[in-house]
Asker: 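The structure follows.
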Amino acid sequence: MGFPVHRNTDPQQGHGQEYGRGQGREPGRRAVLTRALGLAAAGLTVAATAATTAPAAHASARANQADWRFCTKCYGLFFRGYPTDGACPAGGGHDSAGYNFSIPHDIPETPTAQHNWHFCTKCYGMFFWGYPDDGRCPAGNAHAAAGYDFVLPHDIPETAGSQRNWRFCPRCYGLYYYGYPTNGRCPAGNAHGMAGYDFVLPHL
């Protein structure tokens, strides 16, 4: 069983050009040298432009991970990027519905964003990894952290591209949706408890 990984796609790969396939008369030596110098200059310009623009675009691509979903059975947030859907405290695997959440990771914590949220390799849920113990996992014992350090926005206005009412459960340490009359199913037994920040998760 693995843990979430993000494909890093280099936008500069696969765009090489092959020169020297022109048709017609063979160019003279001066023409070849002139063309070579022109191509070298163009190459330096392209390289300089790429060096200026690529890191920002590449960093942006690494800033969020999608495929985080709401489970209709336990109300928790889980990663749906594998062929199986983890372990749900309500039994079997998780069942997804609703938004495709795209969660920020590995960025600085702020007064309105909390880090130390991690993927659990056993249940595929998201849990808070900021205590000496690791909560309660529906797959048995404590959660097992791996992968990115997710940084969750909290206590900010909800927008068309985000959803509030996601809360920390102090019994299992998981993140769950607190927007229904009931509070889902907690692996520690019965429904989730509620504490702490009102998390506002971005979605696609």
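Remember, predicted model here, so these are calculated numbers, not experimental data.
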Asker: Determine the interplanar angle of the F119 and Y82 rings, folded into 0 to 90°, and report it as parallel if under 30°, tilted if 30 to 60°, perpendicular if over 60°.
Answerer: tilted

Asker: Quick one: sort the W117 and F168 rings into parallel, tilted or perpendicular, breaks at 30° and 60°.
Answerer: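 The arrangement is perpendicular - the two ring planes meet at more than 60°.
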
Asker: What's the separation between atom CD1 in I107 and atom NE2 in H115, rounded to the nearest 0.5 Å?
Answerer: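 That separation rounds to 11.5 Å.
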
Asker: Run through I103, L204, N100 and flag the one making a side-chain contact (heavy atoms from CB on, under 4.5 Å) with D67.
Answerer: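 By the side-chain contact (heavy atoms from CB on, under 4.5 Å) criterion, D67 pairs with just one of I103, L204, N100: N100.
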
Asker: Just say parallel, tilted or perpendicular for the rings of H94 and F78, cut-offs at 30° and 60°.
Answerer: parallel

Asker: With a 3.5 Å distance limit and no angle check, can you tell me whether H192 reaches the backbone of R185 through a side-chain donor-acceptor pair?
Answerer: yes

Asker: Determine, stepwise, if the pair N183 / R167 fulfils side chain to side chain contact (heavy atoms under 4.5 Å, CB included).
Answerer: CA-CA 10 Å; N183 290 331; R167 308 302 289 262; over 6 Å; no

Asker: Could you pull out every donor-acceptor pair under 3.5 Å between side chains of residues 128-142 and any protein atom, sequence neighbours left out?
Answerer:
| residue | atom | partner | partner atom | Å |
| --- | --- | --- | --- | --- |
| W129 | NE1 | D134 | OD1 | 3.4 |
| D133 | OD1 | Y173 | OH | 3.0 |
| D133 | OD2 | Y173 | OH | 3.2 |

Asker: Quick check: closest heavy atoms across E109 and V151, and the distance to 0.1 Å?
Answerer: CA-CG1, 4.4 Å

Asker: How close do K73 and C88 get, counting heavy atoms only, and between which atoms?
Answerer: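 Where K73 meets C88 most closely, the heavy atoms are CB-SG, 3.8 Å.
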
Asker: Compare all side-chain heavy atoms of L152 with those of M126 and state whether any distance is below 4.5 angstrom.
Answerer: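 SC-SC contact between L152 and M126 confirmed.
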
Asker: Classify the ring geometry of H118 against F127: parallel below 30°, tilted from 30° to 60°, perpendicular beyond 60°.
Answerer: tilted

Asker: Out of curiosity, does F79 fall in the hydrophobic cluster containing Y148 (side-chain heavy atoms, cut-off under 4.5 Å, transitive links)?
Answerer: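 Linked, Y148 and F79 end up in one cluster.
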
Asker: For the residue pair H154 and Y197, does the interplanar ring angle fall in the parallel (under 30°), tilted (30 to 60°) or perpendicular (over 60°) class?
Answerer: parallel

